[in-house]
Amino acid sequence: GSNAGQREPRILCVGFGGGSIPSFLAEMLPQCHVDVVELEPAVIQASSDLGFQQDKRIHVTVQDGAVFAHCAVESGTGYDAVIVDAYDADGNVPATFATEHSAFFE
């Protein structure tokens, strides 16, 4: 079959960590585009020390993940999958991503 006319799958990763999840996705799904949003610039800066390698299919933005997702919806940007890998200082998923009635889910 031909891929002509098909758009590339888009994945949103909320939370960057060491970059292993976005890197895995880009490697295993070579036709996909991965947007990553991370709240803390220091996390992204430290990722190269953890072995993260830049990839043209991975686009990293420093911003609040819920705000980014809301802006994406407002602009008509759709995602085929959303992965939330975000934690607060106590190791809990922020309520913005964990409660069914939050703006993130709307």
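None of the values given here were measured: they were computed from a predicted structure.
With values rounded to the nearest 0.5 angstrom, I21 atom CD1 is found 10.5 Å from F16 atom CZ. Rounding to the nearest 0.5 Å gives a distance of 7.5 Å between CZ of F24 and CG of L29. With rounding to the nearest 0.5 angstrom, the NE2 atom of H33 is 9.5 Å from the CD1 atom of I58. In this structure, the separation between OH on Y79 and SG on C13 is 10.0 Å, given to the nearest 0.5 Å. To the nearest 0.5 angstrom, T61 atom OG1 is 12.5 Å from L39 atom CG. We find the CG-OG distance between L50 and S23 to be 11.0 Å, quoted to the nearest 0.5 Å.
Annotation for E27: atom CD does not count as buried by contact number, only 12 or fewer foreign heavy atoms lying within 6.0 Å.
D35 meets the salt bridge (charged side-chain N to carboxylate O under 4.0 Å, His left out) test with R10; sequence neighbours excluded.
No single ILVMFWY cluster, assembled from side-chain heavy atoms under 4.5 Å apart, contains both V82 and V60. If you chain together hydrophobic residues whose side chains sit under 4.5 Å apart, V43 and L25 fall into the same group.
Residues Q31 and P9 come closest through the heavy atom pair O-CD, 3.5 Å. Smallest separation of non-hydrogen atoms from D80 and E8: OD2-O, 4.4 Å. In terms of heavy atoms, C32 sits closest to I11 at SG-CD1, 4.2 Å. Minimum interatomic distance between F68 and L12 (heavy atoms only, all atoms of both residues): CE2-CD1, 3.6 Å. Annotation for Q63 and V37: closest pair O-CG2, 3.1 Å, computed over non-hydrogen atoms.
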| said: Assess the residue pair D55 and V34 against the criterion (side-chain contact (heavy atoms from CB on, under 4.5 Å)); give the C-alpha distance rounded to whole Å, side-chain angles, the decisive distance to 0.1 Å, and a yes or no. | reply: CA-CA 10 Å; D55 186 296; V34 183; over 6 Å; no

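Sorted by first and then second residue, the side-chain hydrogen bond (donor to acceptor under 3.5 Å, both in side chains) pairs with a member in residues 45-54 form an empty list; sequence neighbours excluded.
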